[in-house]
Amino acid sequence: MIHKPGKPPNEASSYRPISLTPVLSKLWERIVLERLSPCLEINYVIPDHQYGFRKHHSTIEQVHRVYSTIRQCLEQKEYCSAAFLDVQQAFDRVWHRGLLCKIKKILPHSYYLLMSSYLCDRTFQVKLRDARSSLHLSSGVPQGSVLGPVLYNIFTSDLPQSPKVAVATFADDAAFLACSRDPKQASTLLQSQLNITHDWLTKWRIKASAPKSHHITFALRLETCPSVNLGRDKLPQSTCVKYLGFYLDRRMTWKDHIKNKRNEINFRFKNLLWLLGRQSALSLSNKLRTPEVDYEDDNLYMCHIDPAPFQLVERTSLLKVHSLFSTLGVSRAYVTAIGRLIGVVALKELRKAIEDVNSGVLTLATRPEPPTTPMPTVIKVQGTEPAPPTDSETAALTTSEKGDGTKK
């Protein structure tokens with residue numbers, strides 16, 4: 001179970017189950033996928049508006065497709081009424097019997113037998129300390145598997161589409177866009193698409209969250225398109241929506257997108273300011289070091305951390321390096337002592353040290369300062385200067401010099 005970022009940790013829905021299939025299972029899935037992909041392409045099973053989990057299809061291309069549709073409406077001075085749906089637990093709600101029914105109609109019978117054996121009689125278990133759960137699965141494709149995304153695309157391949165509505169799907173992210181010069185007509189076209197979509201979701205046991213979905217009007221004018229409903233729930237209207245990592249505002253000025261991206265960059269830069277700032281005493285070579293050897297030491301709690309990536313030295317907390325690991329996505333760090341490389345410490349050992357400190361099992365020990373030898377006292381011995389001659393000595397010296405000159 002992997003915790004979803006930004007979700008409360010005390011709720012079961014905040015965790016994503018990941019299936020760790022055996023190596024033989026992954027090998028079998030890849031073999032089946034190599035034979036399944038040509039059948040899907042020849043029979044045009046996956047619709048053109050589905051860009052998720054397909055070769056030569058990316059999020060940027062899908063966003064560009066949506067942007068082109070909106071931009072064309074704005075250039076023609078039309079209103080674009082758009083709905084962005086949020087599908088709840090998309091991979092976990094793939095109905096097995098419904099998926100096998102679609103496979104039986106689309107693909108040869110041999111694939112139906114294979115997928116039936118692959119999906120049926122699956123169990124899922126969660127272990128928390130000594131407690132264990134047991135659940136027989138009748139829906140959902142294994143997340144983290146090779147065939148899971150392809151099976152989801154097959155399951156959603158028959159999503160209905162109205163004639164005058166543009167549909168853009170990327171896995172479980174769906175967007176519907178209707179353009180017209182009349183804002184009421186644009187919402188009417190969009191509402192017809194949402195009606196048939198809601199009936200299709202109900203038929204195949206897929207649930208979309210109306211409160212988390214968005215309805216937005218793209219236009220250069222101030223008038224807004226009338227609101228639309230998904231079933232009995234009204235979609236909330238907004239002036240900016242996030243789709244595949246891009247923020248689309250009402251006039252498509254990209255102002256909100258640039259603002260949010262600048263805030264993200266500033267946040268990351270502030271987290272690394274103590275590392276990359278001008279006041280950092282580290283050299284460029286230290287900042288670019290990468291680990292090359294593994295290191296396991298029982299004396300991890302004596303290590304102190306320096307603000308250099310992948311380097312552990314003195315006078316920095318364990319928590320600060322753990323945040324650095326999370327930001328940069330690294331799993332190891334250098335361990336040095338007084339400029340000498342001791343080895344490399346793993347992230348799991350660092351986490352264990354932090355857990356032990358937080359639980360009070362032990363406290364962080366302070367590395368003793370290296371013994372410093374006092375500098376020897378240097379005594380400078382100066383010679384004694386002779387005293388100046390007195391007047392009598394000067395006169396005697398002069399007389400003797402004159403006498404010597406007479407003799408000569």
Side-chain angles (χ1 to χ4, degrees), residues 44 46-52 57 59 61-88 90 153 155-204 206-244 246-254 256-257:
Y44 299 98
I46 309 300
D48 294 335
H49 60 75
Q50 176 61 264
Y51 274 57
H57 293 72
T59 56
E61 294 174 347
Q62 183 69 294
V63 172
H64 183 268
R65 180 169 170 265
V66 173
Y67 170 77
S68 299
T69 303
I70 299 172
R71 196 65 188 175
Q72 184 177 2
C73 293
L74 297 181
E75 290 178 353
Q76 296 176 359
K77 298 182 180 181
E78 296 180 345
Y79 292 89
C80 179
S81 182
F84 296 84
L85 299 186
D86 179 79
V87 180
Q88 293 183 348
N153 283 348
F155 186 67
T156 58
S157 60
D158 58 343
L159 177 67
Q161 181 177 359
S162 297
K164 297 183 179 181
V165 177
V167 179
T169 56
F170 193 95
D172 57 342
D173 293 324
F176 305 100
L177 302 95
C179 300
S180 177
R181 291 187 177 273
D182 184 11
K184 295 182 179 180
Q185 179 66 20
S187 290
T188 301
L189 294 174
L190 181 62
Q191 184 62 58
S192 63
Q193 173 64 41
L194 292 178
N195 291 337
I196 60 177
T197 301
H198 179 262
D199 296 338
W200 180 84
L201 294 175
T202 305
K203 177 181 179 181
W204 298 106
I206 302 176
K207 185 178 181 181
S209 176
K212 294 183 180 180
S213 302
H214 297 279
H215 174 233
I216 183 174
T217 301
F218 296 101
L220 299 178
R221 302 175 184 178
L222 298 178
E223 190 174 357
T224 303
C225 296
S227 59
V228 293
N229 299 330
L230 181 64
R232 297 181 179 179
D233 300 324
K234 181 179 179 180
L235 297 185
Q237 292 191 354
S238 59
T239 58
C240 181
V241 65
K242 183 179 180 181
Y243 181 67
L244 300 180
F246 289 81
Y247 294 87
L248 309 178
D249 59 282
R250 178 185 174 93
R251 294 176 178 267
M252 294 302 294
T253 59
W254 299 103
D256 294 331
H257 179 76

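Along the sequence shown, residues are numbered consecutively beginning with 1.
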**Asked** Which distance, rounded to the nearest 0.5 Å, do you find between the CG of N153 and the CD1 of I46?
**Response** 4.5 Å
**Request:** Kindly state each residue pair satisfying salt bridge (Lys or Arg N to Asp or Glu O under 4.0 Å) with at least one member in residues 158-182, sequence neighbours excluded.
**Result:** K102-D158
**Message:** If the condition is side chain to side chain contact (heavy atoms under 4.5 Å, CB included), which residues does Q76 pass it with, not counting sequence neighbours?
**Reply:** Q72, E78
**Prompt:** For R221, what residues pass the side chain to side chain contact (heavy atoms under 4.5 Å, CB included) criterion, not counting sequence neighbours?
**Reply:** K77, Y79
**Fill in**
Taken to the nearest 0.5 Å, the spacing of K207 NZ from L201 CG works out to 12.0 Å
**Prompt:** side chain to side chain contact (heavy atoms under 4.5 Å, CB included) with C80: which residues, sequence neighbours excluded?
**Reply:** I70, C73, L177, C179, F218
Name each donor-acceptor pair under 3.5 Å that joins a side chain in residues 190-199 to protein atoms two or more places apart or in another chain, with its distance.
residue, atom, partner, partner atom, Å
Q191, OE1, N229, N, 2.8
Q191, NE2, N195, OD1, 2.8
Q191, NE2, N229, O, 2.9
S192, OG, L189, O, 2.6
Q193, OE1, S162, N, 2.7
Q193, OE1, S162, OG, 3.1
Q193, NE2, P160, O, 3.1
Q193, NE2, T197, OG1, 3.0
N195, ND2, Q191, O, 3.2
T197, OG1, Q193, O, 2.7

**Message:** According to ring pair (Phe, Tyr, Trp, His ring centres under 6.0 Å), who are the partners of H57, at least two apart in sequence or on a separate chain?
**Reply:** Y51
**Message:** R65: which residues meet the side-chain hydrogen bond (donor to acceptor under 3.5 Å, both in side chains) condition with it, sequence neighbours left out?
**Reply:** Q62
**Prompt:** Would you say the side chain of I206 lies within less than 4.5 Å of the side chain of F155, judging by non-hydrogen atoms?
**Reply:** yes
**Message:** If I take atom CE from residue M252 and atom CG from residue L220, how far apart are they, to the nearest 0.5 angstrom?
**Reply:** 11.0 Å
**Prompt:** Between S213 and D86, which heavy-atom pair has the shortest distance, and what is it?
**Reply:** OG-N, 3.0 Å
**Message:** Nearest 0.5 angstrom please: S238 OG to H215 NE2, how far?
**Reply:** 9.0 Å
**Pairwise side-chain contact, T253 with R251, heavy-atom cut-off 4.5 Å (strictly under)** = yes
**Complete:** ring pair (Phe, Tyr, Trp, His ring centres under 6.0 Å) filter on F246, not counting sequence neighbours, yields H257
**Asked** Roughly how far, to the nearest 0.5 Å, is NZ of K234 from OG of S227?
**Response** 3.5 Å
**Request:** For D233, enumerate each residue passing the salt bridge (charged side-chain N to carboxylate O under 4.0 Å, His left out) test, keeping only those at least two apart in sequence or located in another chain.
**Result:** none
**Asked** Counting distance only, does the side-chain N/O of S187 pair as donor-acceptor with the main-chain N or O of P226 below 3.5 Å?
**Response** yes
**Prompt:** Between the main-chain N or O of A166 and the side-chain N or O of Q161, is there a donor-acceptor pair closer than 3.5 Å?
**Reply:** no
**Prompt:** Does some side-chain heavy atom of S81 sit less than 4.5 Å from a side-chain heavy atom of P183?
**Reply:** no
**Prompt:** How about L159 and H49: do any of their side-chain heavy atoms sit closer than 4.5 Å?
**Reply:** yes
**Message:** Checking S209 now: which residues fulfil side-chain hydrogen bond (donor to acceptor under 3.5 Å, both in side chains) with it, not counting sequence neighbours?
**Reply:** Q88
**Request:** Report the distance from atom OG1 of T217 to atom CG of L222, rounding to the nearest 0.5 Å.
**Result:** 12.0 Å
**Request:** Apply side chain to side chain contact (heavy atoms under 4.5 Å, CB included) to T239 and list each qualifying residue two or more places apart in sequence or on a separate chain.
**Result:** none
**Item:** Chi angles and distances behind the side-chain contact (heavy atoms from CB on, under 4.5 Å) call for L85, H214
**Value:** CA-CA 7 Å; L85 299 186; H214 297 279; over 6 Å; no
**Item:** Set of ring pair (Phe, Tyr, Trp, His ring centres under 6.0 Å) partners for Y243, sequence neighbours left out
**Value:** F84
